[in-house]
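What follows is a short report on a single structure.
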Amino acid sequence: MARPVVGIISNSFLINDSYPTHAGGTMNSEAVACVAGCVPLIIPADPRFVPVEDLLDICDGFLLTGGRPNVHPEEYGEEATEAHGAFDRARDAVALPLVRACVERGQPFLGICRGFQEVNVAMGGSLYPEIRDLPGRMNHRMPPEGTLEEKFALRHRVRLAEGGVFHKLFGAPEVMTNTLHGQGIKRPGARIEVEGWAPDGTPEAIHVKDAPGFTLAVQWHPEYDAANDPVSRPLFTAFGDAVRAWSATRRAPLQRSA
């Protein structure tokens, strides 16, 4: 039987500052293929090319990736400022309704960094434009210098809600993670359950309460070294299991009719 398909939401990118592309990080595809055990499919994040209804039929699950552009603050009722950074309205127009549709259908998704923020905004939440500017908060941004290994190195602990989904998944009350983000949750959206916090109180792990499917999202980047990291591996393994379960349920009527 063919492996299920995970749609990886891409980011707009200019090659040589002139040629427009839709790009996805290799480590995302590697985590989906080698740890989750699914087929990675890069999705152009533009509603002109990929209506959400088609994506739901083509893919079994979705990886909402990180990215430099931020969710536009108009999506949560605020005006844009210089602190909000760059935007990608086309990705907003795909990812936000996609999250809501997956929640309703029970179709699995895993949110990472920007994807984590998309899940919150899609469910009616809001974001801080810059976490490090808040009193008592640490700098969660990616180090500007260093190797890839140094930029994705584990930098802080995440405390997990006792008995919650993430506590059970990781089998520990705390985990070590990397951190490469500027924005963060200001107001949790409706049904957003925060189950992980950085030492400064920044939300780091969420899911949609009472959703029928897999709706986990994390603020860090578990796709880095996912096959070996003791936190990333169980997260992607559980995601892959959820995608396979969804795929099997969807194919069952076809098998019975044959």
Side-chain angles (χ1 to χ4, degrees), residues 3 5-36 38-52 54-56 58-75 80-99 109-119 121-122 127 129-130 140-153 178-183 217-227 229 232 236 239:
R3 292 185 298 166
V5 175
V6 168
I8 299 177
I9 305 302
S10 67
N11 287 289
S12 298
F13 182 71
L14 287 177
I15 296 178
N16 295 330
D17 296 322
S18 60
Y19 184 78
T21 67
H22 286 110
T26 301
M27 62 180 71
N28 291 311
S29 297
E30 184 175 8
V32 167
C34 300
V35 184
C38 302
V39 174
L41 180 66
I42 305 296
I43 301 298
D46 191 319
R48 296 175 300 166
F49 312 135
V50 287
V52 168
D54 290 346
L55 288 179
L56 293 167
I58 293 168
C59 301
D60 298 293
F62 298 93
L63 184 67
L64 306 165
T65 63
R68 284 193 177 277
N70 296 312
V71 178
H72 199 286
E74 286 182 359
E75 298 291 350
T81 68
E82 186 176 341
H84 285 95
F87 307 117
D88 186 344
R89 298 311 301 268
R91 173 164 167 165
D92 293 346
V94 171
L96 300 182
L98 179 64
V99 167
F109 62 76
L110 173 60
I112 292 174
C113 200
R114 175 189 159 115
F116 168 95
Q117 295 161 10
E118 286 170 337
V119 173
V121 173
L127 305 172
E130 188 65 70
H140 289 258
R141 283 193 172 275
M142 178 180 70
E145 305 293 339
T147 64
L148 197 65
E149 290 78 9
E150 290 168 336
K151 291 179 179 180
F152 281 85
N178 54 40
T179 182
L180 298 91
H181 65 101
Q183 296 196 316
V218 297
Q219 184 64 88
W220 67 89
H221 282 264
E223 74 274 22
Y224 177 73
D225 197 28
D229 183 80
S232 300
F236 273 99
F239 175 54

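Computed from a predicted model, the values in this text were never measured in an experiment.
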*Sequence neighbours left out, what passes side chain to side chain contact (heavy atoms under 4.5 Å, CB included) with Pro40? Give chain and number order.*
Ile8, Ser29, Val32, Ala33

*Just how far is it from atom CD1 of Ile112 to atom CG of Leu180, taken to the nearest 0.5 Å?*
11.5 Å

_Which atom of Val119 lies closest to which atom of Ala217, heavy atoms considered_ = CG2-CB, 4.2 Å

*asked:* Using every non-hydrogen atom in the two residues, find where Leu110 and Phe239 come nearest and quote the distance to one decimal.
replied: N-CE1, 3.7 Å

_For the student: nearest non-hydrogen atoms of Val52 and Pro97, plus distance_ = CG2-CG, 4.0 Å

*With Glu30 via salt bridge (charged side-chain N to carboxylate O under 4.0 Å, His left out) - residues at least two apart*: none

Can you give each donor-acceptor pair under 3.5 Å made by side-chain atoms of residues 13-26, sequence neighbours left out, with the distance rounded to 0.1 Å?
from  : atom 1 : to    : atom 2 : distance (Å)
Ser18 : OG     : Asn16 : O      : 3.4
Thr21 : OG1    : Phe13 : O      : 2.9

_Arg141 side, atom CZ; Thr179 side, atom OG1 - distance, nearest 0.5 Å_ = 10.0 Å

*Determine whether His181 and Trp220 make a side-chain contact, defined as any pair of heavy atoms from C-beta on separated by less than 4.5 Å.*
no

*asked:* The criterion is side chain to side chain contact (heavy atoms under 4.5 Å, CB included); which residues satisfy it with Val39, sequence neighbours excluded?
replied: Arg3, Val5

*asked:* To the closest 0.5 Å, what do you measure between CD (Glu75) and CG (Leu127)?
replied: 10.5 Å

_Partners passing side chain to side chain donor-acceptor pair (under 3.5 Å) against Gln183 (at least two apart in sequence or in another chain)_ = none

*Taking only residues two or more places apart in sequence, or in another chain, which ones meet Glu82 in a side chain to side chain donor-acceptor pair (under 3.5 Å)?*
none

*Do the ring planes of His84 and Phe87 sit parallel (below 30°), tilted (30 to 60°) or perpendicular (above 60°)?*
tilted

*So do the side chains of Phe109 and Leu98 get within less than 4.5 Å of each other, counting heavy atoms only?*
no

*Closest contact, heavy atoms only, Ser12 versus Asp88*: OG-OD2, 3.4 Å

*asked:* Among residues at least two apart in sequence or on other chains, which ones pass side chain to side chain donor-acceptor pair (under 3.5 Å) with Asp229?
replied: Ser232

*Do Val94 and Leu55 come close enough that some side-chain heavy atom pair is under 4.5 Å?*
yes

*How would you list, by chain and number, every residue that makes a salt bridge (charged side-chain N to carboxylate O under 4.0 Å, His left out) with Arg114, sequence neighbours excluded?*
Asp92, Glu118

*Listed by chain and number, what are the side chain to side chain contact (heavy atoms under 4.5 Å, CB included) partners of Glu150, not counting sequence neighbours?*
Thr147

*Could you tell me the separation between the SG atom of Cys113 and the CD atom of Glu223, rounded to the nearest 0.5 Å?*
8.5 Å

_Which residues pass the salt bridge (charged side-chain N to carboxylate O under 4.0 Å, His left out) test with Asp225, not counting sequence neighbours?_
none

*Return the set of residues passing ring-ring contact (aromatic ring centres under 6.0 Å, His included) with His221 (not counting sequence neighbours), or none when no residue passes.*
Phe152

*Identify the heavy atoms of Ser10 and Ala45 that sit nearest to each other, and give their distance.*
OG-N, 3.3 Å

Ignoring hydrogens and angles, write down the donor-acceptor pairs under 3.5 Å from the side chains of residues 62-69, residues two or more places apart or on other chains.
from  : atom 1 : to    : atom 2 : distance (Å)
Thr65 : OG1    : Ile9  : O      : 2.7
Thr65 : OG1    : Arg91 : NH1    : 3.2

